[in-house]
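Following: one structure in structure tokens, then a few remarks.
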Amino acid sequence: MPIWGVVSIMVQLRGYAAVAVACAALALGTVGIANAAGTATSAPAANASTGRHAVTRTAPSAPAGVRSFGPTATSPYTSPASTAGHVAPGQTYTCEYLSLCELVWDPTTGNWELFKQDPCNRYSVSYWNDGGYFVNNQSSGTVSRFYGSSGNTLWTDTSPTEQTYADWTPVHSLRNC
């Protein structure tokens, strides 16, 4: 039964019947799995041709010595836009298959700003300061490039890579493919 069918039935049922349906769905692997922390996470579908799938990672703690500046600061952003929201330190986030994902500290919220690049493009970045992280979950062998202010290549990264530290300060643009 598709996940929406299980959810529809759960919405219609109350009490023990809903619990029984949820347990059956979990047993069949259609709703989710419990991670080591005991919280439910979606069971991502693997790509049929490669067997790769979305990866879930935990956002690191806040960078040392940072503070939130509230409305007087500027949030990091890309052009074209590629933000996927905020992630609190210690919270999990997902980087979908075929995406390049970055965590950049946002001083206006005191959280990580999560960016996800897909489709293939060159993205200009603004207010990406200090250290952050990236996950390259694109198809194997895809090379991402990170460029400085003059268009010079600062570094490259070949997919797949795990959550990797990066100094965002010199980065002025990136190409995810």
Side-chain angles (χ1 to χ4, degrees), residues 32-42 44 47 50 52-177:
I33 56 175
N35 64 21
T39 57
T41 58
S42 295
N47 179 288
T50 65
R52 293 201 31 216
H53 51 80
V55 294
T56 300
R57 298 291 175 257
T58 301
S61 57
V66 300
R67 343 173 258 174
S68 292
F69 293 98
T72 61
T74 303
S75 291
Y77 64 91
T78 64
S79 180
S82 64
T83 188
H86 287 92
V87 180
Q91 182 181 19
T92 60
Y93 66 95
T94 301
C95 185
E96 284 78 15
Y97 179 60
L98 299 178
S99 293
L100 173 67
C101 302
E102 302 92 11
L103 291 174
V104 181
W105 188 254
D106 185 347
T108 67
T109 65
N111 290 302
W112 294 102
E113 180 90 21
L114 175 62
F115 295 90
K116 297 181 181 181
Q117 278 82 38
D118 178 36
C120 179
N121 205 345
R122 185 158 180 169
Y123 297 84
S124 296
V125 303
S126 297
Y127 300 100
W128 286 34
N129 299 313
D130 303 317
Y133 299 86
F134 68 91
V135 174
N136 193 346
N137 195 31
Q138 299 180 94
S139 57
S140 292
T142 301
V143 178
S144 295
R145 291 171 172 77
F146 300 83
Y147 301 101
S149 60
S150 64
N152 57 310
T153 300
L154 298 171
W155 77 84
T156 62
D157 182 76
T158 304
S159 180
T161 55
E162 292 295 321
Q163 183 169 281
T164 304
Y165 177 83
D167 179 5
W168 296 129
T169 303
V171 178
H172 285 254
S173 65
L174 60 91
R175 184 168 188 82
N176 59 315
C177 54

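Note that the coordinates shown come from a computational prediction; the quantities given were computed from them, not determined experimentally. All values below come from the heavy atoms of this structure, side chains included, with hydrogens, waters and symmetry mates left out.
- Glu162 places none of its side-chain heavy atoms less than 4.5 Å from the side chain of Val55.
- Pairing each heavy atom of Val125 with each of Val171, the nearest pair is CG2-O, 3.3 Å.
- Tyr93 places a side-chain heavy atom less than 4.5 Å from the side chain of Leu103.
- Note that OH of Tyr133 and CZ of Arg57 are 14.0 Å apart. Values are rounded to the nearest 0.5 Å.
- Considering every non-hydrogen atom in both Tyr97 and His53, the closest pair reads CB-C, 4.0 Å.
- Here the straight-line distance linking atom CG of Asp167 with atom CG of Asn129 works out to 9.5 Å at 0.5 Å rounding.
- Annotation: side chain of Pro60 is in contact with side chain of Trp112 (closest heavy-atom distance under 4.5 Å).
- Counted by atom type alone, Ser173 and Arg122 present one or more donor-acceptor pairs between their side chains at under 3.5 Å.
- Thr169 places a side-chain N or O within 3.5 Å of a backbone atom of Asp130 that can act as its donor or acceptor partner.
- Smallest separation of non-hydrogen atoms from Thr108 and Ser75: OG1-OG, 2.9 Å.
- Here the side chain of Glu102 pairs no donor or acceptor atom with the backbone of Gly132 at under 3.5 angstrom.
- Between Leu114 and Cys101, the closest side-chain pair of non-hydrogen atoms falls below 4.5 Å.
- Atom CD of residue Gln117 and atom OG1 of residue Thr83 lie 9.5 Å apart, to the nearest 0.5 angstrom.
- Remark: the backbone N or O of Trp155 is not paired with any side-chain donor or acceptor of Thr153 at under 3.5 angstrom.
- Contact between Gln138 and Ser159 at its shortest, heavy atoms only, is O-OG, 2.6 Å.
- Looking at heavy atoms from C-beta onward, Thr94 lies in side-chain contact with Thr56 at the 4.5 angstrom threshold.
- Residue Ser140 comes nearest to Pro160 through the heavy atom pair OG-CD, 3.9 Å, listed as atom of the first residue, atom of the second, then distance.
- Aromatic pair Trp128/Phe115: ring centres closer than 6.0 Å.
- Across all their heavy atoms, Tyr123 and Ser82 have their closest contact at CE2-CB, 3.9 Å.
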Steps toward side chain to side chain contact (heavy atoms under 4.5 Å, CB included) verdict (Glu96, Asp118): CA-CA 9 Å; Glu96 284 78 15; Asp118 178 36; over 6 Å; no
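- Donor-acceptor pairing under 3.5 Å is lacking for the side chains of Ser144 and Asp157.
- Rounded to the nearest 0.5 Å, atoms CG (Asn176) and CZ (Phe146) are 9.0 Å apart.
- A donor-acceptor pair is defined here as one N or O able to donate and one able to accept, closer than 3.5 Å; no such pair exists between the side chain of Asp106 and the backbone of Asn111.
- For the side-chain contact (heavy atoms from CB on, under 4.5 Å) with Thr161, the lone residue among Leu100, Val135, Asn136 that qualifies is Asn136.
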